[in-house]
Amino acid sequence: MNYNRRLFFLNWMNENLNDVLVKGLGKKATLEFAELANADKNFYSQLLRVIDKGETTPAMKASWILGTAARLDAQPAQRQIEKLIGLLEKATIGGVQRELLKVLEVVKMNPESEGIFVDYCFKLIQRPGIDVGIRYYCLRILKRALKKYPDLKGELIMALEEIQDWHNAPWKRYITKALNSLHTADRRR
C-alpha cells in the first residue's frame with residue numbers, strides 16, 4: 001500500500017473500521033490490512049478492540065486479518081499475548097476462536113502464558129458444541145506442546161478418547177490416527 005493511500009486509509013478508518021470489515025473482504029485486502037496491522041500499532045489495537053466488541057462479521061474479519069498478520073510476522077502479536085489469550089477465552093464466535101488460535105500458535109510465550117494457553121486448548125477441545133476446525137487447531141497446538149511437556153500425554157489421550165465420536169467419520173479417523181501415533185510413541189520407549 002503506498003504512503004498516501006495508507007495515510008488516507010488510516011485517517012478514514014479511525015471512524016469507519018466496521019465499514020471495512022464486512023462480508024466480501026477478500027484475500028488481497030486482508031493481506032494488505034495484515035501488513036498494515038504489523039506496521040501500525042494503532043491499527044493493530046483497533047482490530048483487537050473490534051474483536052473484543054464481538055459483533056460477528058467485523059470480529060471475524062478482524063481476527064482473520066490478525067491471523068494473516070501473525071503468519072507474516074509474529075512480533076506484533078507477541079507484544080499482545082495476554083490480550084490475545086483474553087480475547088480467545090472471551091470469544092464465542094467459532095471463526096474468531098479459530099483465527100486467534102492461529103495467531104497464538106505462532107508466537108513464543110513465557111511459561112505462564114503458555115500454561116494458560118495450553119490449558120485453554122484442553123478446555124476448548126473437550127467443550128461440547130465446539131466446531132471441528134477449532135478442535136483441529138487445539139489438537140495441533142496440544143501435540144506440539146507435548147514435545148515440551150510430555151507429562152500431558154495421558155491427559156491428551158483421555159481427552160481424545162472422550163471426543164472421538166462427537167463428529168463425523170473423517171474427524172473420527174483423524175482422532176484415531178492421532179491416538180495411534182500417541183500410543184505408538186509410548187511403545188517405542
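Note that these values count all heavy atoms, side chains included, but never hydrogens, waters or copies made by symmetry.
With contacts defined as side-chain heavy-atom distances shorter than 4.5 Å, the pair L101/L124 qualifies. Side chains of Y174 and K177 form no contact here, defined as non-hydrogen atoms less than 4.5 Å apart. Between E99 and Y137, the closest side-chain pair of non-hydrogen atoms is not below 4.5 Å. Side-chain contact between L104 and I85: present, with at least one pair of heavy atoms (C-beta onward) separated by less than 4.5 Å. Between I134 and R127 there is no side-chain heavy-atom pair separated by less than 4.5 Å. Side-chain contact check for L84 versus V107: every heavy-atom pair is 4.5 Å or farther apart. Proximity of N110 to E82: side-chain heavy atoms (C-beta onward) are separated by under 4.5 Å at one or more points. Looking at heavy atoms from C-beta onward, F33 lies out of side-chain contact with L47 at the 4.5 angstrom threshold.
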Please report the C-alpha distance between K27 and T68 in whole Å, then the side-chain angles of each, then the deciding distance to 0.1 Å, and finally whether the side-chain contact (heavy atoms from CB on, under 4.5 Å) criterion is met. CA-CA 9 Å; K27 287 183 181 181; T68 303; over 6 Å; no
Walk me through whether E105 and K102 qualify under salt bridge (Lys or Arg N to Asp or Glu O under 4.0 Å). CA-CA 5 Å; E105 180 181 33; K102 289 178 186 179; over 6 Å; no
Run the numbers on L48 and L87 for side-chain contact (heavy atoms from CB on, under 4.5 Å), then give the verdict. CA-CA 8 Å; L48 291 172; L87 289 173; 3.7 Å; yes
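Between G26 and T30, the closest heavy-atom pair is O-OG1, 2.8 Å. V96 and A91 make their closest contact through CG1-CB, 3.9 Å (heavy atoms, listed as atom of the first residue, atom of the second, distance).
Taking K108 as the reference, nothing meets the side chain to side chain donor-acceptor pair (under 3.5 Å) condition, with sequence neighbours excluded. Residues passing the side chain to side chain donor-acceptor pair (under 3.5 Å) test with Q80: none are found, sequence neighbours excluded. For K41, the salt bridge (Lys or Arg N to Asp or Glu O under 4.0 Å) test picks out no residue, with sequence neighbours left out. With sequence neighbours excluded, the residues that form a salt bridge (Lys or Arg N to Asp or Glu O under 4.0 Å) with D131 are R98.
A continuous path of hydrophobic side-chain contacts links F122 to L100 [ILVMFWY only; heavy atoms under 4.5 Å]. In the hydrophobic clustering of ILVMFWY residues, with side-chain heavy atoms under 4.5 Å counting as a link, I130 and I175 come out together. Cluster membership check: W64 does not share its hydrophobic cluster with V50, using side-chain heavy-atom separations under 4.5 Å among Ile, Leu, Val, Met, Phe, Trp and Tyr. Grouping the Ile, Leu, Val, Met, Phe, Trp and Tyr side chains by contacts below 4.5 angstrom, directly or via other members, places M60 with I65.
When hydrophobic residues (I, L, V, M, F, W, Y) are linked wherever their side-chain heavy atoms come within less than 4.5 Å, M158 remains an isolated member. L72 belongs to a hydrophobic cluster whose other members, connected by ILVMFWY side-chain contacts under 4.5 Å either directly or through intermediates, are L31.
Atom CD1 of residue I81 and atom CD of residue E114 lie 9.5 Å apart, to the nearest 0.5 angstrom. Note that CD1 of I163 and CH2 of W171 are 4.5 Å apart. Values are rounded to the nearest 0.5 Å. Of the inter-residue distances, the one linking K153 atom NZ with K147 atom NZ reads 12.5 Å to the nearest 0.5 angstrom.
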